Amino acid sequence: DSGVTQTPKHLITATGQRVTLRCSPRSGDLSVYWYQQSLDQGLQFLIQYYNGEERAKGNILERFSAQQFPDLHSELNLSSLELGDSALYFCASSVNLGRGPNNEQFFGPGTRLTVL
Amino acid sequence: DAKTTQPPSMDCAEGRAANLPCNHSTISGNEYVYWYRQIHSQGPQYIIHGLKNNETNEMASLIITEDRKSSTLILPHATLRDTAVYYCIVSPIPWGGSEKLVFGKGTKLTVNP
């Protein structure tokens with residue numbers, strides 16, 4: 001158990017719909033990352049937040065957005081869903097911005113999204 | 001794009017050492033080598049990291065060549081639970097920046113009884 005929690009574990013929805021994935025980082029971790037894992041693209045970085053502020057963006061679509069709240073939990077919002085958005089979505093957390101090498105990321109169990 | 005090259009798959013007998021190679025010939029001086037693994041669709045798990053010296057922890061050992069262009073992850077006594085995809089990642093020391101992880105395709109290690 002990494003200490004990172006994600007809800008829901010599974011989500012089945014239809015094309016065109018909007019969903020919200022939730023992540024609670026490990027206690028004390030200020031950075032939250034979102035990754036998408038699909039069969040054809042592998043694990044891809046989407047976005048990072050640090051203490052409520054966006055720090056880095058990766059291959060995140062405009063239909064997707066995220067935020068980190070004052071209690072440090074984060075939500076990933078996916079809208080106008082398409083079949084190709086079906087994937088595993090992982091959240092990870094780390095202690096800080098990485099001012100040093102010992103800043104491994106701890107991953108949650110993921111949310112499996114199926115778009116029908 | 002991932003800056004590492006790993007064999008797509010490897011097999012290992014239970015109880016034997018598993019040696020997983022990784023090439024990172026374009027690694028620069030400020031980049032660390034990290035290893036993560038993913039057991040069947042679970043979240044990736046950190047294993048070990050190093051800069052230029054060999055490293056060991058309770059999970060594994062990391063051997064980095066002197067020129068730092070390649071490394072080997074060693075699981076000293078592989079068990080069936082070590083069956084997973086192992087990812088080798090190079091990442092710079094994130095002084096104030098993002099430390100996003102760029103995953104390649106990894107090596108699928110199968111430990112056989």
Side-chain angles (χ1 to χ4, degrees), chain A residues 1-6 9-10 23 25-26 29-51 53-60 87-114, chain B residues 1-6 8 27-53 55 57-60 62 64 68 71 73 81 84-108:
Chain A
D1 183 0
S2 67
V4 177
T5 60
Q6 290 186 248
K9 291 180 79 101
H10 301 276
C23 167
R26 293 187 321 154
D29 283 1
L30 299 177
S31 266
V32 169
Y33 313 76
W34 286 96
Y35 292 84
Q36 178 194 55
Q37 186 172 33
S38 58
L39 279 175
D40 55 345
Q41 295 289 332
L43 263 163
Q44 293 213 312
F45 168 74
L46 294 178
I47 197 164
Q48 177 200 2
Y49 279 83
Y50 174 75
N51 203 20
E53 291 190 10
E54 182 185 301
R55 293 299 298 195
K57 262 185 175 179
N59 300 320
I60 188 166
L88 268 169
Y89 291 85
F90 290 105
C91 166
S93 72
S94 64
V95 170
N96 55 31
L97 263 180
R99 300 186 188 282
N102 299 318
N103 198 40
E104 59 262 33
Q105 294 183 22
F106 296 86
F107 283 77
T111 292
R112 183 176 292 280
L113 173 66
T114 303
Chain B
D1 291 339
K3 297 193 277 188
T4 62
T5 304
Q6 299 177 251
I27 193 170
S28 50
N30 68 341
E31 290 183 315
Y32 276 68
V33 179
Y34 291 83
W35 284 83
Y36 282 74
R37 73 180 182 184
Q38 186 176 25
I39 298 172
H40 187 59
S41 297
Q42 296 178 21
Q45 177 190 25
Y46 165 82
I47 301 173
I48 198 167
H49 73 275
L51 182 62
K52 53 184 176 182
N53 298 320
E55 302 289 343
N57 63 20
E58 64 279 1
M59 287 183 71
L62 174 60
I64 302 174
R68 301 208 326 120
S71 60
L73 178 75
R81 287 177 296 182
V85 178
Y86 287 77
Y87 297 98
C88 169
I89 300 165
V90 296
S91 183
I93 301 171
W95 300 105
S98 167
E99 61 274 27
K100 67 180 182 182
L101 297 173
V102 180
F103 290 84
K105 297 189 185 303
T107 296
K108 166 72 173 162

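Treat the numbers as computed from the prediction; the structure is a model and nothing was measured. Quick note on labels: first sequence line is chain A, next is B, and so on, each numbered from 1.
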Heavy-atom distance under 4.5 Å to chain B: side chain of [X], backbone, both or neither?
X	answer
A:Q6	neither
A:Y35	side chain
A:L43	both

For this session: Under the side chain to side chain donor-acceptor pair (under 3.5 Å) rule, collect the residues that match up with B:Y87, sequence neighbours excluded.
Result: B:Q38
For this session: Not counting sequence neighbours, which residues clear side chain to side chain donor-acceptor pair (under 3.5 Å) with B:W35? List them please.
Result: none
For this session: Compare every heavy atom of B:H49 with every heavy atom of B:L62, then report the nearest pair and how far apart it is.
Result: CD2-C, 3.7 Å
For this session: Name the orientation class of the two ring planes belonging to A:F107 and B:F103 (parallel below 30°, tilted from 30 to 60°, perpendicular beyond 60°).
Result: perpendicular
Seminar exercise, completed: Among B:G43, B:P44, B:G106, the residue with the most heavy-atom pairs under 4.5 Å to chain A is B:P44
